[in-house]
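Structure, as structure tokens:
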Amino acid sequence: MKIAIILGTRPEITKMAPLIKIYQENRADYFILHTGQHYSYQMDKVFFDQLKLPQPKYNIDVGSSSHGEQTGKMLIGIEKILLKEKPDVVLVEGDTNSVLAGALAAAKLGIRVGHVESGLRSYDRAMPEELNRLLADHIADYLFAPTPKSKQILLGEGIDEKKVFVTGNTIVDSIFQNLELAKSGKDVLGELKLKPKRYFLVTLHRQENVDNAARFGSILQGLGRIAQKYKLPVVYPIHPRSRKMMDHFKLKPENLTLIEPVDFLAFLQLENGARLILTDSGGVQEEACILGVPCVTLRDNTERPETLELGSNMLAGADAERILECAEIMLDKKGKWDNPFGDGKAAARIAKIIAEAENG
Ligand code: UD1
Ligand code: UDP
């Protein structure tokens, strides 16, 4: 059995890492195909280096462009490699354009597709990610749902139960494998002159937030007011899309500590030490919940409803006043909730399910 792991962006690397490690340790017949959707050192290579992942066998270097052009280039590049390598199974993770292109190129060639982190829905089709995950789920042969709720969503859409497996989310594996390493590594808080539980951590990069001047401006205003009210630093490792749009809209955030995107171990330390996390990231909502750090989501919806039900997370949208209100509520939380995303053995489960199904 030959496996192709297709990935292209930061979250796909942090979430595929546990599975790659298993295939590497087992000397499995597999290879990594990188689409090149993310390419800046801090968004890409730093994760391969730090997590000691083997370099991708292929990188098709699609770079940044419009959705259609980027996805189209990926389809062309991926198809050529799949035709040459003839893997039995292609694995993709999450909801990016790389996931859609990988799943679609494979399915059209009759190669079986495994979708890791399947069954997430925001029910907001204006999000590019919602289309990507819907399409990937409906062409996949193996659907690895992180939670029972995501499985139910898939069954509700008429997907055959035999294809759906509840495995947990591989981000739990990644956190369990790296948190102690992160804590014992370089003193990121010290370097940034931060004290544990005496700062807020922000990430903000969703297209619907940062490509909209009014929304982006309103969120930055809310964050600045939080810094003022609580007299604590608000640290924002800024995604390159957001940096570009901030310059484009000539937004001048006040009271925020902007830093470059950081590596995974540094980011885990920052998350773990934060008093509160404010984010529009999917993965960061999960990580906050797993680490027991309260979270305010700077969106109107989430495909991680488990976090809302547990009370680890609240939806604030983009209104400055509402962001302040939600921060106040979440600051009262003690961080005591169960982790709904699994036991840290998701990757092993996924590898086993595929091996058993493929080898008969
Ligand atoms: C993509 C995913 C999003 C995911 C995010 C993870 C899609 C539709 N979006 O969004 O779901 O949450 O990755 O971070 O697939 N750029 C750089 N260097 C890079 C990559 C991007 O400077 O390495 C800049 C470019 O200006 C580019 C912009 O960021 O135009 C957006 O990049 P793109 O990959 O299109 O989308 P993301 O916002 O990163
Ligand atoms: N992350 C990181 N450094 C940062 C910001 C995020 O290592 O400066 C990691 C984070 O721990 C998580 C992943 O990147 O594993 C999330 O990526 P992102 O928020 O870009 O994408 P999303 O999850 O929204 O698709």
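For clarity, every value in this text was computed on a predicted model and none was experimentally measured. Just so you know, ligand 1 is whichever comes first in the structure, and atom 1 is the first atom listed for that ligand.
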With atoms numbered from 1 as shown, which atoms in ligand 1 lie under 4.0 angstrom from a non-hydrogen atom of [X]?
X    : answer
P240 : 16 (N), 17 (C), 18 (N), 22 (O), 24 (C)
R206 : 3 (C), 4 (C), 11 (O), 12 (O)
E129 : 3 (C), 9 (N), 11 (O)
H239 : 14 (O), 37 (P), 38 (O), 39 (O)
M43  : 23 (O)
S40  : 17 (C), 18 (N), 19 (C), 22 (O), 23 (O)

Residue, atom name and distance, where the atom is the protein heavy atom closest to [atom]:
atom                    : result
atom 3 (N) of ligand 2  : V262 O, 2.7 Å
atom 6 (C) of ligand 2  : R10 CZ, 3.6 Å
atom 34 (O) of ligand 1 : Q37 NE2, 3.1 Å
atom 39 (O) of ligand 1 : H38 NE2, 2.7 Å
atom 24 (O) of ligand 2 : G282 N, 2.9 Å
atom 19 (O) of ligand 2 : S281 OG, 2.7 Å
atom 23 (O) of ligand 2 : G283 N, 2.8 Å
atom 21 (O) of ligand 2 : P11 CG, 3.4 Å
atom 26 (O) of ligand 1 : K244 NZ, 3.0 Å

Using the salt bridge (charged side-chain N to carboxylate O under 4.0 Å, His left out) criterion, which residues pair with E129? Sequence neighbours excluded.
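Partners of E129 by the salt bridge (charged side-chain N to carboxylate O under 4.0 Å, His left out) criterion, ordered by chain and then number, come out as R206.
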Counting only N and O atoms by type, is there a donor-acceptor contact under 3.5 Å from the side chain of [X] to the main-chain atoms of [Y]?
X    : Y    : result
R299 : N301 : yes
E69  : S66  : no
N272 : L268 : no
N339 : I290 : no
S218 : A318 : yes

Heavy-atom pairs closer than 4.0 Å: do any link ligand 2 to the side chain of F264, the backbone, both, or neither?
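The part of F264 near ligand 2 is both the backbone and the side chain.
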Considering T9, V235, T14 one by one, which has a heavy atom nearer to atom 13 (C) of ligand 2 than any of the others?
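Answer by nearest heavy atom: T14.
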To which of E130, R241, E12, H205 does the heavy atom nearest atom 29 (O) of ligand 1 belong?
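It is R241 that holds the nearest heavy atom.
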Should the pair [X]-[Y] be classified as a salt bridge under the 4.0 Å nitrogen-to-oxygen rule?
X    : Y    : value
E356 : K352 : yes
R349 : D173 : no
K15  : E117 : yes

Based purely on interatomic distance, does [X] place a nitrogen or oxygen under 3.5 Å from a nitrogen or oxygen of ligand 2?
X    : result
K15  : no
D280 : no
F47  : no
F267 : no
H239 : no

Between K80 and Y58, does any side-chain donor sit less than 3.5 Å from a side-chain acceptor?
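Y58 and K80 do not have a side-chain donor-acceptor pair below 3.5 Å.
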Verify the distance criterion only: is there a donor paired with an acceptor across the side chains of Y142 and E358 at less than 3.5 Å?
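Y142 vs E358: donor-acceptor pair found between side chains.
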Which residue is it: V90, L83, D141? I am looking for the one with a side chain to side chain contact (heavy atoms under 4.5 Å, CB included) to I111.
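For I111, the side chain to side chain contact (heavy atoms under 4.5 Å, CB included) test succeeds with only one of V90, L83, D141, which is V90.
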Hey, is NZ on K345 packed in by over 12 heavy atoms from elsewhere, all under 6.0 Å?
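12 or below, so no.
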K229 NZ: over 12 foreign heavy atoms closer than 6.0 Å:
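Yes, because the 6.0 Å sphere around NZ of K229 holds more than 12 heavy atoms from other groups.
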Atoms in ligand 2 flagged as close to [X], the criterion being non-hydrogen separation under 4.0 Å:
X    : answer
E287 : 10 (C), 11 (O), 12 (C), 15 (O)
P237 : 8 (O)
D263 : 7 (O)

Contact summary for E12 and E93, nearest pair of heavy atoms:
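Distance-wise, the nearest heavy atoms are CG-O, 3.3 Å.
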Of all the heavy-atom pairs spanning L258 and R243, show the shortest one and how long it is.
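Scanning both residues completely, I find the closest heavy atoms to be CD2-NH1, 3.9 Å.
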Does ligand 1 have any atom that is closer than 4.0 Å to a heavy atom of H67?
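The answer is yes, since H67 has a heavy atom less than 4.0 Å from ligand 1.
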Within a strict 4.5 Å, meaning less than it, do heavy atoms of the H239 and M43 side chains meet?
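A side-chain contact exists here, since the closest heavy-atom pair is under 4.5 Å.
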What's the separation between atom OG1 in T96 and atom CZ in R133, rounded to the nearest 0.5 Å?
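Reported value, rounded in 0.5 Å steps: 10.5 Å.
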Side chain or backbone of S98 under 4.0 Å from ligand 1, or both, or neither, by non-hydrogen atoms?
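Within the 4.0 Å criterion, S98 makes no contact with ligand 1.
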Heavy-atom contacts under 4.0 Å between S64 and ligand 1: side chain, backbone, both, or neither?
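Contact part for S64 vs ligand 1: side chain (C-beta onward).
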Compute the minimum heavy-atom distance from R206 to ligand 2 and say whether it is under 4.0 Å.
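R206 counts as a contact of ligand 2 under the 4.0 Å cut-off.
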Pairs of nitrogen or oxygen atoms closer than 3.5 Å, one from Y39 and one from ligand 1: do any exist?
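Yes, since at least one N or O of Y39 sits under 3.5 Å from an N or O of ligand 1.
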